[in-house]
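Heads up, the thing below is written out as structure tokens.
By convention here, the first residue in the shown sequence is residue 1.
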Amino acid sequence: MRVDVVSIFPDYLAPLDLSLIGKAREDGLLDVRVHDLRDFTHDRHRTVDDTPYGGGAGMVMKPQPWAEALDHVLALDNPSGAKPHLVVPGPGGQPFSQALARRLALEPWLAFACGRYEGIDERVYEHARDDLGLEVSVVSLGDYVLNGGEVAVLAMVEAIGRLVPGVIGNAESLVEESHEDGLLEYPIYTKPSSWNGRDVPAVLLSGNHGAIAAWRHEQRLARTAARRPDLLHASHATGPDGVPVDITAATRGDVPELAVLLRACAAEEAVATGSLDVPALHEGLDEVSSALETSQTWLARSAGRLVGAVRTRRSPDAGDRWEISRLCVTPDLDGSGLDRQLLDHAEDTAPDGIRTLTLEVGAHRTDALKAYRKAGYRPADTPASRPGTVVLAKRRR
Ligand code: JB8
């Protein structure tokens, strides 16, 4: 892989000569070249910045040195024949992640532009895209602010470089525990088995591989819940623009948003049936809030936006049925499979001992009925709670 880095502090990138990445450079797996942006200035002071139009704090990087630096990089010999993917670190970029590192590791050529000051004149991005035909990605290491892109480039080149075939000898060590399957790593220990009065957990010395695997999995779950609860969700799906959907339990703070979503779904049903006798239509903040006490409500969020919900409870009569209700998905995700995912989740969270799952649906909602039939639901003996609806039931596996 070929990597070009443009910076006003080329010495900042010196660590790329060290360790694993340095070895990969020696072995010819990574061809990293660092360029000084000031080499593309023409004044005595080698000026790269100027004051911002419109006013405001700080300085902005001038477009001309950047354009010449990019021309220089593009004109360098490159064996791949491709153009570089231009990566610009910036606090306003898409978040860097293991998934993005994997995608970038497939590129034959990456060019990194390290900004300083308040950042780079916007026309440089447009020029790179429109005139030079480069793919341009603004990428952020995380929600904090650095003084420039250099440290971010060091981190990204290390994360990407180690994924280039041959850079890490042991392919198995590339199957990351953390950030590959969504859970953090389990705690690890080495000899001695007793150190400073602290013993390695006995299960690890037991030789029982099943017990060790179970213990490690539990540790991963506990650790993820404690440190990164945002990673613990019931399931994954894809929402608008490929943004994943997380399913989590609703809490009091979700009530206002949830009430709006439920009203919207109820209104759709009211319009379709020409009847205002849709219970969800008459639920306000108080009813939605008190339902959190008597039932479980699960929310689907995509990039923070509430895109779906479902409510479950043990039937108040004999308590042997699991009632699923208020299954609701925003119109833009109709047909995305999210409704089925919420339904699966509602089923999966039924407690042990539940034998029957039930759903009550408007009898006119033929596509919903078809979908529920496909999910294994059939008309049930249970009487409907209101006219115009049918109760569907499914035996639990
Ligand atoms: C000026 O926090 B960062 C970052 C901050 C920056 C520049 C680049 C990256 C350029 N400030 O990722």
Side-chain angles (χ1 to χ4, degrees), residues 1 3 12-27 29-30 32 87 89 94-106 110 139-144 146 150-237 244-249 348-349:
M1 168 184 276
V3 176
Y12 228 123
L13 285 309
L16 292 179
D17 293 331
L18 300 172
S19 182
L20 199 70
I21 299 299
K23 175 78 169 35
R25 291 178 76 173
E26 278 173 26
D27 295 348
L29 295 167
L30 283 179
V32 183
V87 178
Q94 62 169 307
F96 191 61
S97 62
Q98 194 62 26
L100 183 53
R102 283 198 184 278
R103 288 203 294 279
L104 292 174
L106 300 174
L110 296 175
V139 178
S140 166
L141 276 199
D143 291 339
Y144 44 84
L146 304 170
E150 286 78 6
V151 165
V153 168
L154 287 176
M156 287 192 269
V157 170
E158 182 155 321
I160 296 163
R162 62 192 290 282
L163 299 176
V164 170
V167 171
I168 284 193
N170 181 1
E172 206 162 287
S173 63
L174 283 179
V175 185
E176 324 284 349
E177 296 274 315
S178 296
H179 302 299
E180 291 292 339
D181 62 0
L183 291 179
L184 302 183
E185 284 178 22
Y186 49 78
I188 53 172
Y189 304 86
T190 186
K191 291 175 269 303
S193 63
S194 183
W195 172 80
N196 250 7
R198 296 175 187 278
D199 293 341
V200 170
V203 64
L204 297 179
L205 309 177
S206 68
N208 179 341
H209 297 291
I212 292 171
W215 181 84
R216 284 178 166 167
H217 184 65
E218 254 160 50
Q219 293 290 315
R220 297 185 71 197
L221 287 171
R223 216 169 227 208
T224 310
R227 297 179 187 174
R228 292 293 304 277
D230 58 304
L231 296 179
L232 270 190
H233 36 68
S235 44
H236 301 267
V245 171
D246 284 358
I247 298 180
T248 56
D348 291 347
T349 53

Measure the shortest side-chain to side-chain distance between [X] and [Y] over non-hydrogen atoms and say whether it is less than 4.5 angstrom.
X      : Y      : result
Glu158 : Pro15  : no
Pro89  : Leu141 : no
Arg216 : Leu204 : yes
Tyr12  : Val151 : yes
Val203 : Asn208 : no
Met156 : Leu100 : no

(message) Taking Leu184's backbone N and O only, do any of them form a donor-acceptor pair with Arg223's side chain (distance below 3.5 Å, no angle check)?
(response) no

State, to 0.1 Å, how close [X] and [Y] come at their nearest heavy-atom pair, and which atoms those are.
X      : Y      : answer
Asp199 : Ser194 : OD1-OG, 2.8 Å
Arg220 : Tyr186 : CG-N, 3.6 Å
Ala105 : Leu163 : CB-CB, 3.8 Å

(request) Assess whether atom CG of Asp143 is packed by more than 12 heavy atoms of other residues, nucleotides or ligands within 6.0 Å. (result) no

(request) I would like to know whether Phe96 and Ile160 meet side chain to side chain contact (heavy atoms under 4.5 Å, CB included); could you show each step before the answer? (result) CA-CA 11 Å; Phe96 191 61; Ile160 296 163; 4.1 Å; yes

